[in-house]
Protein chains: 2
Amino acid sequence: MTVSKAAEKSSEKPGDAAKGRKDATEAQPEALQLGELSEQLGYVLKRAQLKVFENFLRCMASLQLTPAQFSVLLLVEKNPGRNQTEVASTLGILRPNFVAMLDNLESRDLCARIRSTNDRRSHILVLTDKGKAVLARAKKLVATKHEARLNDLLGQANREALIEMLSKIANEF
Amino acid sequence: MTVSKAAEKSSEKPGDAAKGRKDATEAQPEALQLGELSEQLGYVLKRAQLKVFENFLRCMASLQLTPAQFSVLLLVEKNPGRNQTEVASTLGILRPNFVAMLDNLESRDLCARIRSTNDRRSHILVLTDKGKAVLARAKKLVATKHEARLNDLLGQANREALIEMLSKIANEF
DNA sequence: TGATAATTGTTATTGACCATATCAAATATC
DNA sequence: GATATTTGATATGGTCAATAACAATTATCA
């Protein structure tokens, strides 16, 4: 499949291969035919995922939260007192890569590592007050600016059906 | 959101945070609650995308084709005679990053760069005979082993609805 | 025509992620 | 109490996306 990031800049829109079209008198480079590509699950899935992440970053620009960071805050809020291994594993993040992520969140005073009294090897994770406040604002932004857009685009029923199908793929494919 | 690759090894299955559960007598670490995460579009979209790519790679193991490489072959077959900039741009690949990809495909004799006679700056792309043959086999593998699995999982109607919704997101979000 | 700008493929380089191996400290096992 | 396991952490390598810059070629246009 393919599809690059381009993130919030939304530069180099794919599918817009034709570049300098200024006038109908100009020689049109003719767009390429996608053909079977537009029916390939992986291709369309990847493209959609990039667009969604791109939009997510735009919505969260004021809070400076990436999708991954948002997921960590959500999970820690829902499961306070769990250690790094548990949280990372649940999110599919490898422990080594989770360290820098937490360093970031902790340096911004959004969450805290607390040495466990039961098992002094592990760090218990909790949200700080600031972390809870930021997450609350993030949820509102996501709901009003991000998820709401899906409803506008697909409608409530289709939106729910889409989430359900994607979950099924994620869990059973 | 988050979710790592783990590709074909399918190691470290996310959502399986509980590790060494051997017996019901063992102290169950209790799985974490996903909470609102399971309703987040980006989260479930990313997870699904990783699973689909993972499965794609398994299906294509005999041909050693990545999703990106497959998309290039498909597009070049459908649009022979286009140059690198056009093909790369259509797929959302930046020109610099497309060079190594083509080096790979060309070294395997799957496609060829031909200096254009009209514009001697550009390289026209075409599939070699071997490239066409490999792509034909790849299509069959994708259809029978990959896309077919979606039908088993969602049903024909839902599969089509899913593709359509994802395309809508990719194009209009 | 000829000087300047733009385009194409390419290289080099950087940063973001993903993944593995390894380590010290702490705990579990037997 | 000796050995193995677990936890957080570091170091490192790989892949991929993104930007800057360059030579060759072509387009623009005064």
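Side-chain atoms are counted along with the backbone in the values below, which use heavy atoms only and exclude waters and symmetry mates.
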Do the side-chain N or O atoms of B:Arg95 get closer than 4.0 angstrom to the phosphate oxygens (OP1, OP2) of D:dC22? no
Any A:Thr85 side-chain N or O less than 4.0 Å from OP1/OP2 of D:dG8: yes
Measure [atom1]/[X] against [atom2]/[N] and give the value in whole Å, please.
| X | N | atom1 | atom2 | result |
| --- | --- | --- | --- | --- |
| A:Arg82 | D:dT6 | CZ | C1' | 16 Å |
| A:Glu106 | D:dG8 | CD | C1' | 12 Å |
| A:Phe53 | C:dA16 | CZ | C1' | 13 Å |
| A:Leu94 | D:dG13 | CG | P | 18 Å |
| A:Leu102 | D:dT10 | CG | C1' | 15 Å |
| A:Ile124 | D:dG8 | CD1 | C1' | 12 Å |
| B:Leu57 | D:dT15 | CG | P | 13 Å |
| A:Ile93 | D:dA9 | CD1 | C1' | 16 Å |

Can we say B:Glu86 and B:Arg95 salt-bridge, meaning some charged N sits less than 4.0 Å from an Asp/Glu carboxylate O? no
Looking at B:Glu106 and B:Arg113, is any side-chain nitrogen of the basic one under 4.0 Å from a carboxylate oxygen of the acidic one? yes
Any chance you could lay out the side chain to side chain contact (heavy atoms under 4.5 Å, CB included) test for B:Val76 and B:Arg82, step after step, and finish with the verdict? CA-CA 8 Å; B:Val76 172; B:Arg82 297 306 195 105; over 6 Å; no
Of B:Asn97 and B:Asn118, whose closest DNA chain D nucleotide lies nearer the 5' terminus? B:Asn97
When you measure from the side chain of A:Asn171 to the backbone of A:Ser167, do you find a donor-acceptor pair of N or O atoms at a distance under 3.5 Å? yes
Taking only the side-chain heavy atoms of B:Ser122 (C-beta and beyond), determine which of C:dT20, D:dT7, C:dG9 contains the nearest atom. C:dG9
Enumerate the protein-to-nucleotides 24-26 of chain C contacts in which both atoms are nitrogen or oxygen and the separation is below 3.5 Å.
unit_1, atom_1, unit_2, atom_2, d
C:dA26, OP1, A:Arg120, NH2, 3.3

Check the pair B:Asn79 / A:Gln33 against side chain to side chain donor-acceptor pair (under 3.5 Å), numbers first and verdict last. CA-CA 7 Å; B:Asn79 302 271; A:Gln33 299 294 325; 5.7 Å; no
Considering only residues two or more places apart or on different chains, which pairs with a residue in residues 154-173 of chain B satisfy salt bridge (Lys or Arg N to Asp or Glu O under 4.0 Å)? B:Glu147-B:Arg159
Just to verify, what does A:Phe98 make a ring pair (Phe, Tyr, Trp, His ring centres under 6.0 Å) with, not counting sequence neighbours? none
